[in-house]
Each structure stands twice: as structure tokens, then as C-alpha cells.
Trainee: 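Following this message is one structure expressed as C-alpha cells.
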Amino acid sequence: MTSEQGGRHVERVVGTGTDDFDRVRSRVESLVRLGAASFIVPSRVTMARGDQVAVTEPPREHDTLRAVLDARGALRAGECVWLGVAVAEALAVLHKGGLVHGALDGDAVVIDGGRVRLARLVDGDDDAHAADDIAA
């Protein structure tokens, strides 16, 4: 998966072909219906050159969990609790809506000021389960 950042948006390739296009578009529609402020949902799904499926997302103006850990090392205990609770609450909304993340990692957790948001919500494996999200 690749990305290209413009001034106000980021376009990332998330698949290839019409099956991926239909799957990603359907997933974005489902995420929009959930309407959770804790989700960073692509604003657009397109077919690009070579049948590549691309999504358009807001630019990353905030740190990912991976960037924080790379810069600072381990989190403080209170930060771990705060972050864990926020991620668990966001996953609960996702799972209650019948969806799973499927690609949860340090790059998918965005620390946006005083809140935590989940990104890369269309990157997951179709075979993923809620238990995979919890384990991640």
C-alpha cells in the first residue's frame, strides 16, 4: 500500500481490481453510517491507473502511536491506560456495528490532541475477527 500526500489530503493505494473497489467502497459506506468521531474514514474511493484502488484521507497532522513510541520509547503507565481505554471504546463501536479493523497496529492508532482515533480502517483482512483486533 502506497501513499501520496498533497496539501489537504492523502491518497493511498489499498487494493487492486473491481472486487477490492467494491469491498472498500462498501466498507467506507458502513463506517460513515457508524458516524464515530474516533474513526478517520476515507472521504473518497477511486480506481486509479492499473486498476489500483485508492482512498483519499485527511492528512496526518497528529502523531501515530508508532511515531510516539519510536521518538520516546515506552509510554508512562497513565498513558497506557488512557490509550488502551480509548482504543477499546473505538473498537467496541466498530464491533457493535458489525465491522472489525483487521489491521490494527501502531500506525493505525492516531493520537490527536486529547483524543485517540483509529485510522487505516479499510486496510484489514476480510478474514479478520474481533478477537484479532483485541489481540493487536
Side-chain angles (χ1 to χ4, degrees):
M1 298 186 195
T2 61
S3 68
E4 180 180 315
Q5 185 157 344
R8 294 183 183 222
H9 69 277
V10 175
E11 189 171 278
R12 292 187 310 114
V13 174
V14 296
T16 305
T18 56
D19 289 344
D20 278 351
F21 177 78
D22 292 340
R23 178 187 57 81
V24 171
R25 191 181 64 194
S26 175
R27 185 163 174 89
V28 167
E29 290 171 359
S30 296
L31 289 163
V32 167
R33 277 194 299 274
L34 290 177
S38 57
F39 300 157
I40 299 174
V41 179
S43 60
R44 194 171 81 175
V45 181
T46 58
M47 288 288 282
R49 195 172 342 150
D51 283 342
Q52 293 182 323
V53 179
V55 294
T56 302
E57 300 171 319
R60 293 281 170 76
E61 297 172 354
H62 304 284
D63 290 329
T64 64
L65 175 57
R66 183 173 320 281
V68 170
L69 293 174
D70 287 348
R72 289 188 10 204
L75 299 174
R76 294 183 295 276
E79 291 173 317
C80 288
V81 171
W82 169 74
L83 189 69
V85 167
V87 169
E89 288 173 346
L91 287 175
V93 171
L94 193 65
H95 296 165
K96 186 175 180 178
L99 300 173
V100 297
H101 192 292
L104 191 61
D105 63 12
D107 289 323
V109 177
V110 177
I111 302 169
D112 179 357
R115 66 182 178 168
V116 175
R117 301 176 74 197
L118 298 182
R120 299 185 173 267
L121 290 159
V122 298
D123 294 13
D125 185 354
D126 288 341
D127 296 330
H129 300 281
D132 300 323
D133 287 347
I134 302 304

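Position 1 is the first residue of the sequence; numbering continues from there. All of these numbers come straight from a predicted model, not from anything done at the bench. Atoms considered below: every heavy atom in the structure, side chains included; atoms not considered: hydrogens, waters and symmetry mates.
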Trainee: If I compare all heavy atoms of G102 with all of A128, which pair ends up nearest, and what's the gap?
Mentor: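 Closest heavy-atom pair between G102 and A128: CA-CB, 3.6 Å.
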
Trainee: Could you tell me whether the side chains of S30 and R27 share a donor-acceptor contact shorter than 3.5 Å?
Mentor: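 Not at all, the side chains of S30 and R27 share no donor-acceptor pair under 3.5 Å.
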
Trainee: Would you call V109 and L118 a side-chain contact if the rule is heavy atoms closer than 4.5 Å?
Mentor: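 In short, these two side chains touch, coming nearer than 4.5 Å.
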
Trainee: Do L65 and V116 have side-chain heavy atoms sitting under 4.5 Å apart?
Mentor: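 L65 does not reach V116 side chain to side chain.
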
Trainee: Is it true that a side-chain atom of T16 and a backbone atom of D51 form a donor plus acceptor pair closer than 3.5 Å?
Mentor: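 No: the side chain of T16 does not pair with the backbone of D51.
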
Trainee: Are V32 and F21 connected, step by step, through hydrophobic side chains (Ile, Leu, Val, Met, Phe, Trp, Tyr) whose heavy atoms are closer than 4.5 Å?
Mentor: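 Yes, one cluster joins them.
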
Trainee: Verify, without hydrogens or angle tests, whether D132 (side chain) and H129 (backbone) share a donor-acceptor contact under 3.5 angstrom.
Mentor: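 The answer is yes, because a donor-acceptor pair under 3.5 Å joins these two groups.
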
Trainee: Can you see which heavy atom on H101 is nearest to which on A119, and at what distance?
Mentor: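 Closest pair (atom of H101, atom of A119, distance): NE2-O, 2.8 Å.
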
Trainee: For residues G106 and T64, report the shortest heavy-atom separation together with the two atoms involved.
Mentor: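 Minimum heavy-atom contact is O-CB, 3.5 Å.
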
Trainee: Nearest 0.5 Å, please: how far is CZ in R115 from CH2 in W82?
Mentor: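 Going from CH2 on W82 over to CZ on R115, the span is 10.5 Å.
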
Trainee: Measuring from I111:CD1 to L75:CG, what's the distance to the nearest 0.5 Å?
Mentor: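 Going from CD1 on I111 over to CG on L75, the span is 6.5 Å.
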
Trainee: Compare all side-chain heavy atoms of V68 with those of E79 and state whether any distance is below 4.5 angstrom.
Mentor: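 No; the side chains remain at least 4.5 Å from each other.
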
Trainee: Give, for atom CG of D126 and atom CG of D20, the distance between the pair rounded to the nearest 0.5 Å.
Mentor: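 Output value for this atom pair is 8.0 Å.
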
Trainee: Give a yes or no on whether I134 and F39 share a hydrophobic cluster (residues Ile, Leu, Val, Met, Phe, Trp, Tyr; joining criterion: side-chain heavy atoms under 4.5 Å apart).
Mentor: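 I134 and F39: one cluster.
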
Trainee: Ignoring hydrogens, what is the shortest heavy-atom contact between T18 and M47? Give both atom names and the distance.
Mentor: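 Nearest pair, atom of T18 first, then M47: N-CE, 4.3 Å.
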
Trainee: Considering all heavy atoms of both residues, which atom of V122 and which atom of R23 are nearest to each other, and what is their separation?
Mentor: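 Where V122 meets R23 most closely, the heavy atoms are O-NH1, 3.7 Å.
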
Trainee: Would you compute the distance between atom CD of E57 and atom CZ of R44 and round it to the nearest 0.5 angstrom?
Mentor: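 Here the interatomic distance stands at 12.0 Å.
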
Trainee: Let me check something: any side-chain donor-acceptor pairs from residues 86-95 under 3.5 Å, sequence neighbours excluded? List them with distances.
Mentor:
from: H95; atom 1: ND1; to: L91; atom 2: O; distance (Å): 3.4
from: H95; atom 1: NE2; to: D133; atom 2: OD2; distance (Å): 2.7

Trainee: Do V55 and L99 sit in one hydrophobic cluster, given that two such residues count as connected whenever their side-chain heavy atoms are within less than 4.5 Å of each other, even indirectly?
Mentor: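 Yes, one cluster joins them.
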
Trainee: Just wondering, are more than 12 heavy atoms of other shown residues or ligands nearer than 6.0 Å to CZ in R72?
Mentor: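 Result for CZ/R72: enclosed.
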
Trainee: Applying a strict under-4.5 Å side-chain criterion to I, L, V, M, F, W and Y, I'd like to know whether V41 and V53 cluster together.
Mentor: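 The answer is yes; both residues are in one hydrophobic cluster.
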
Trainee: State plainly whether one hydrophobic cluster holds both L104 and I40, where clusters connect Ile, Leu, Val, Met, Phe, Trp and Tyr through side-chain heavy atoms under 4.5 angstrom apart.
Mentor: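 Per the 4.5 Å side-chain linkage, L104 and I40 are not co-clustered.
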
Trainee: Going by an N to O cut-off under 4.0 Å, is there a salt bridge joining D107 and R120?
Mentor: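 Salt bridge between D107 and R120, a charged N being under 4.0 Å from a carboxylate O: no.
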
